[in-house]
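Here the structure is laid out as structure tokens; the discussion comes afterwards.
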Amino acid sequence: TYTLKGIEGSIKVDGGNIVFVEEEGIDYAPTTVQLPGGERVPFLFTVKELVAKGNGGSFKPGFQMGGDFSVPSYRTGLFLDPKGRGGTTGYDMAVALPGLQ
């Protein structure tokens with residue numbers, strides 16, 4: 001399970017719509033995502049400079065928000081996925097013991 005608890009900011013009503021402006025975002029949070037084919041890939045999740053605008057002036061059923069944000073590329077070779085694989089550290093394959101040649 002993943003949470004967006006680290007994103008903080010101010011909420012105001014502008015032009016009849018709710019607007020959220022991020023002031024403290026998530027930076028460099030290690031995450032693993034499963035792709036549609038089942039492959040799991042590691043990456044570092046970041047949300048910065050988020051400005052989300054709502055489709056109304058109050059929170060009610062059907063309310064939606066969306067907006068632009070910045071996601072810098074922070075993925076490094078030191079990041080390990082849940083199986084211990086990484087670019088510069090850890091194992092390069094997900095097996096217990098490789099066979100002898």
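Every heavy atom of this structure was used, including side-chain atoms; hydrogens, water molecules and symmetry mates were not.
- In this structure a side-chain-to-backbone donor-acceptor pair under 3.5 Å is present from Asn55 to Gln64.
- Considering only residues two or more places apart in sequence or on other chains, Asp14 meets the side-chain contact (heavy atoms from CB on, under 4.5 Å) condition with Val19.
- For the pair Phe20 and Val51, the minimum side-chain heavy-atom distance is 4.5 Å or more.
- Partners of Glu39 under the side chain to side chain donor-acceptor pair (under 3.5 Å) rule, at least two apart in sequence or in another chain, do not exist in this structure.
- Residues Met65 and Ile18 meet the side-chain proximity criterion, which asks for heavy atoms closer than 4.5 Å.
- Residues Val13 and Val21 are members of separate hydrophobic clusters, defined by side-chain heavy-atom contacts under 4.5 angstrom among Ile, Leu, Val, Met, Phe, Trp and Tyr.
- Side-chain N or O atoms of Asn17 include none that pairs as donor or acceptor with a backbone N or O of Gly57 at under 3.5 Å.
- The shortest side-chain heavy-atom distance between Glu23 and Glu8 does not fall under the 4.5 Å cut-off.
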